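Here is the structure we will look at.
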Amino acid sequence: MADIDQILDKVDRLPALPSSVVRVTDMLTSGATDLGEIEQIVRHDEALSMAILRYANSARYGRPGRMFDLKQSIVRLGGKVLLKIVLEQQASAMFVRAGAAYGLRRGALWRGALGGALAADQIARTHDFADKDLCFLCGLLRDVGKLVMDMHFGSEYLSLISKHMQPERTFVECERAAFGFDHAQIGGELAGRWGLPERICKTIRFHHEPPAEAPEHDLLVDIVHAADIICLWAGLAIGYDGLQYKLAPHVRDGLGLDRREAELDVSLTWCRLREIEESMENALVQEHDS
Amino acid sequence: MPPSPTTYRGTEVAGRIVVGVADIALCDDPSATVVTYALGSCIGVSIYDPVAHVGGLLHFMLPESKINVEKAGQCPAMFADTGVPLLFKGAYELGAKKERLIVVAAGGAEVLADDGHFKVGSRNRTMLRKLFWKNNILLSADDTGGSISRTVILRMSDGEVTVRTKGKERTLWPT
């Protein structure tokens, strides 16, 4: 049975984290947003520039009859929104085609990633958690290990894991029984290789099994864990794994997550995701028509 | 004025009418296939009139619209209590008759070890049954519960409903 390091060494097309994301992550985690540097990052990336223009001129941020150029768009959107757009774009490029090994249709893993970011952001707002941007980022990247599993095991994944699937087992337990590790572990390792901060790596690593006790306990991990379950209830990125996951009781109790709040979070997350998708679709249509 | 229920047409992808999450598609084209992918705790409700060849598929997410009345107004297919009436009204507008409808449901799965705290899938199933009981509608077939993902496919030529789980398909209706 191959171990995580061997697989990460072996996978030819290991998802590469653009240097811009590392820098943007630094800015988000440190809270020091440098608009000039963001502009430099954006200007060197055509796809990113287009995305910024689409956002700034979308119904969500724009004004009817007024078009903003790139510089105006950057100023208009502001640092935090720009950082999130950079992350969304770069993560989109990584996630959008992946997920076939998990039985996901094209784009489903990406919707799950963005949904996780929005759900984590929603929960962080409700609980007035200081590191809201970190919640967004970790929600977005939490399933990055599925990219590696997808690339390494490909179409064999289902037959390999099927022998170890049992209804009472969580899916990460099934993965560990089949492969010796699960997608969250390998995702945490990958994030480490990318040079992301230790706290982000740990959140990815433990997002299905958040530690309950100090000193390992971290509210950030709890929030991303809850966001993952919210995404399942919102019908996002459900593949062969189905709903074979558990909501940790200490997270449920610690966040005071009851049925009403959970269902509200589900509906709000889904609506925010649709708003983002629709504004992008509309902007693309306008672009095409113009 | 709110749109007529028959404006719900789904999205055509590769020759199939795809119903997204919190979405409805109504159809009177016998050559069409209507599909909704990856139901977890959400429920897919398929209805079909074999005489009028009218059918539809709803993919709802949550049981009750009172949780978010504003969003229910914008997206009634998100909730059982607002989505199910729209599905049936739309089919009636296209010529379906209640007494001929074949009604099939799938989905309503749960996360593991919920311990009764949330039970989203189970509450979705209960709300659906409640709505059907109140309106004298009988389920012809259902495949609900567990913790698995299900894809539902409705064939408009004869109303056959198949469910796909982990790559394996089985016919849900005719039983």
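In what follows, chains are A, B, ... by sequence order, proteins preceding strands, each numbered from 1. Note that the structure is a prediction, hence the values are computed from the model and not measured. When reading the values below, keep in mind they use all heavy atoms of this one structure, side chains included, and skip hydrogens, waters and symmetry mates.
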**Item:** Residues, nucleotides or ligands: over 12 heavy atoms within 6.0 Å of B:Lys98 NZ
**Value:** yes
**Request:** Against chain A, label B:Ala22 side chain, backbone, both or neither, depending on which of its atoms sit under 4.5 Å from a heavy atom there.
**Result:** both
**Prompt:** Does any heavy atom of chain A fall under 4.5 Å from the side chain of B:Arg150, the backbone, both, or neither of them?
**Reply:** neither
**Message:** Please classify the contact between B:Tyr37 and chain A as side chain, backbone, both or neither, with a heavy-atom cut-off of under 4.5 Å.
**Reply:** side chain
**Message:** How close do B:Lys71 and A:Leu268 get, counting heavy atoms only, and between which atoms?
**Reply:** CE-CD2, 4.1 Å
**Message:** Return the CZ to CZ distance between A:Arg260 and B:Phe118, rounded to the nearest 0.5 Å.
**Reply:** 13.5 Å
**Asked** So which heavy atom on A:Pro167 is nearest to which on B:Ser147, and how close?
**Response** O-OG, 4.4 Å
**Asked** Side chains of B:Met78 and A:Cys271: closer than 4.5 Å at any heavy-atom pair?
**Response** yes
**Request:** Evaluate whether atom CZ of A:Arg97 has more than 12 neighbouring non-hydrogen atoms of other residues, nucleotides or ligands under 6.0 angstrom away.
**Result:** no
**Prompt:** Do other residues, nucleotides or ligands put more than 12 heavy atoms under 6.0 Å from B:Gln74 CD?
**Reply:** yes
**Asked** So which heavy atom on A:Trp233 is nearest to which on B:Met61, and how close?
**Response** O-CG, 3.5 Å
**Asked** For the candidates A:Gly235, A:Ala234, A:Pro249, which exhibits the highest count of non-hydrogen atom pairs separated by less than 4.5 Å from chain B?
**Response** A:Ala234
**Message:** Using heavy-atom distances under 4.5 Å, tell me whether B:Ile67 contacts chain A through its side chain, its backbone, both, or neither.
**Reply:** both
**Message:** With no hydrogens and no angle check, just 3.5 Å: does a side-chain donor-acceptor pair link A:Arg252 and B:His117?
**Reply:** yes
**Message:** Does A:Gln166 have more than 12 heavy atoms from other residues, nucleotides or ligands lying within 6.0 Å of its CD?
**Reply:** yes
**Close side-chain approach of B:Glu64 and A:Glu263, heavy atoms under 4.5 Å** = no
**Message:** Assess the residue pair A:Ser267 and B:Leu62 against the criterion (side-chain contact (heavy atoms from CB on, under 4.5 Å)); give the C-alpha distance rounded to whole Å, side-chain angles, the decisive distance to 0.1 Å, and a yes or no.
**Reply:** CA-CA 8 Å; A:Ser267 66; B:Leu62 293 168; 4.2 Å; yes
**Asked** Listed by residue number, which members of residues 237-247 of chain A have a heavy atom under 4.5 Å from any heavy atom of chain B?
**Response** A:Ile238, A:Gly239, A:Tyr240, A:Asp241, A:Gly242, A:Leu243, A:Gln244, A:Tyr245, A:Lys246, A:Leu247
**Message:** If I measure from the heavy atoms of chain B, does A:Leu257 come under 4.5 Å with its side chain, its backbone, both, or neither?
**Reply:** both
**Prompt:** Where on A:Leu264 is there a heavy atom nearer than 4.5 Å to chain B: the side chain, the backbone, both, or neither?
**Reply:** both
**Request:** Find out whether B:Leu112 and A:Glu168 are in side-chain contact, i.e. whether some heavy atom of one side chain is under 4.5 Å from a heavy atom of the other.
**Result:** no
**Over 12 foreign heavy atoms within 6.0 Å of NZ, A:Lys132** = yes
